[in-house]
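So you know, we letter chains A, B, ... as the sequences are listed, proteins then strands, and number each from 1.
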Protein chains: 2
Amino acid sequence: MKLHVSPDTFPPRGHEAKRISIVDAAAGVFCREGFAGANIDLIAAEAGVSRQTVYNHHGDKEKLFVAVVRDLTERCNTGIFATIATFPDQPKDLEADLIGFAVRLNQNCICNRDGKFLRKLIQTEGERYPELFAEWREQGPGRTWPAIAARFARLAYGGYLAIEDPDVAARQFLGLVNAELQTTFMLGGTPREDEVLQSATNGVRTFLRAFGKRRSATSVEKQAALASA
Amino acid sequence: MKLHVSPDTFPPRGHEAKRISIVDAAAGVFCREGFAGANIDLIAAEAGVSRQTVYNHHGDKEKLFVAVVRDLTERCNTGIFATIATFPDQPKDLEADLIGFAVRLNQNCICNRDGKFLRKLIQTEGERYPELFAEWREQGPGRTWPAIAARFARLAYGGYLAIEDPDVAARQFLGLVNAELQTTFMLGGTPREDEVLQSATNGVRTFLRAFGKRRSATSVEKQAALASA
DNA sequence: GACGAATTAGACAAGAGTGTCTAAATTTAT
DNA sequence: ATAAATTTAGACACTCTTGTCTAATTCGTC
């Protein structure tokens, strides 16, 4: 009968810590080298662990890969939902608030370590593991897109936007907001902070020209004028 | 003194044919398996050639890879410029013409074999060969983006669009038009024809809501009305 | 300090892949 | 038909990697 002091994990503390550092290191190596090029010895070294420990924890290379993808998907989802929670429901300044949201989404979910890694793995190994990435598609985009669309729908319902199809609007919003980062994303790079802001600003302005209730593009000035009235 | 009957290639005819079939097969294998996972024996088999012939033509695996990327970049550029030549300069029906252009760009440059392969190679190996893909960036996006932007600038100058920055507008146009294909592209898939059309239609409508000279979204009806007047 | 579990280093077999070499067969043009 | 060039099949050495095994060591806990 074993009653541990710490109730959250039954294997000893160092055990789980190693498991995480292995998955972390593996994510990095799989991304850099691809599945075929990834070397278990290198993963072990980067995790600060012996090769045998990698096998003890994860069985073999393929199981380790699956663990990496599941881990990244989960962490990215958490980040995205946390960011969606900051979506402006009752915006003071619609343009500024949407730009802020877009920048947060980029910085916290798309350009950060996890987002970059997951994207790369999907691109490089997506075709080789159809089932695994079908699972990702359900758990990831399948859950996050509707959540984002719902926020745009609410904004439309509140009279802030004139959109017909919230799903289309949500996808177009992200397409616009990332329009100037595509080449960088393609090459696996991380855009600078000012590039992200620039792309988001231009994207949101165009989005509001298309869907904003007020006709003019410079809604900021308009709203400032309204506020002072 | 050798005067050949066919003036275009000095090595015998079958020679060049084999070189091409090797590069073609290599493109497919590199894309499916990644650089590390690609197997020279397999490439030779798919090219219908012995392994030694691959080495005779291209030296080693890395040189073969470079040849593949250069080939794809060149062929894709050709396709893109050919499609840019069909850009509507004096549109009869702006919405329909832009949708047509977007669909052609997708079908002939982005979703075809070469486009799909090049994109995949850039995504998977871009970080490992910085110089090679810097070259791609110059020869590819570096030449095609300005050409597309110039077409939008002309359209604005002709009074068909109200855009401030043609470069931004060009990138946003493509972002919008491909907004609904992103997940498919990520996984290396090829969208169906109707999906391409749908995404293009939605994208162009939003684009014209933002940048069209006439306020309403249904510019088709408006123009019909004008024509009948 | 002592116990048990986890980790480590290192050796190991088995397999796969690259790039070279050679001698035979085939193609191409004269 | 013949000569030159190219292609082919197969063997080869070499390297690298995976996954297993074992014996020694370290770690966490009582």
N or O in side chain of [X] less than 4.0 angstrom from [N] OP1/OP2:
{"X": "B/Asn56", "N": "D/dT6", "result": "no"}
{"X": "B/Asn39", "N": "C/dT18", "result": "yes"}
{"X": "A/Thr53", "N": "C/dT8", "result": "yes"}

Without decimals, in angstroms, what is the distance between [X] [atom1] and [N] [atom2]?
{"X": "B/Leu64", "N": "C/dG19", "atom1": "CG", "atom2": "C1'", "value": "13 Å"}
{"X": "A/Asp60", "N": "D/dT17", "atom1": "CG", "atom2": "C1'", "value": "14 Å"}
{"X": "A/Glu16", "N": "D/dG28", "atom1": "CD", "atom2": "P", "value": "15 Å"}
{"X": "B/Arg51", "N": "C/dG19", "atom1": "CZ", "atom2": "P", "value": "10 Å"}
{"X": "B/Lys18", "N": "D/dT7", "atom1": "NZ", "atom2": "P", "value": "7 Å"}

Go nucleotide by nucleotide along DNA chain D from the 5' end; which of A/Gly59 and B/Gln52 gets its closest nucleotide reached first?
B/Gln52
Any heavy-atom pair between the side chains of B/Ile110 and B/Leu174 that's under 4.5 Å?
yes
I need the minimum non-hydrogen distance between B/Ile163 and B/Ala153, along with the two atoms involved.
CD1-N, 4.5 Å
When all nucleic acid strands are considered with a 4.0 Å heavy-atom cut-off, which category describes B/Ala36: base, sugar-phosphate, or nothing?
nothing
Mind checking if B/His57 touches a base, just sugar-phosphate, or nothing, with heavy atoms under 4.0 Å?
sugar-phosphate
Quiz question: by atom type and distance under 3.5 Å, do the side chains of B/Gln182 and B/Asn178 form a donor-acceptor pair?
no
How are the rings of A/Tyr129 and A/Phe65 set relative to one another: parallel (under 30°), tilted (30 to 60°) or perpendicular (over 60°)?
tilted
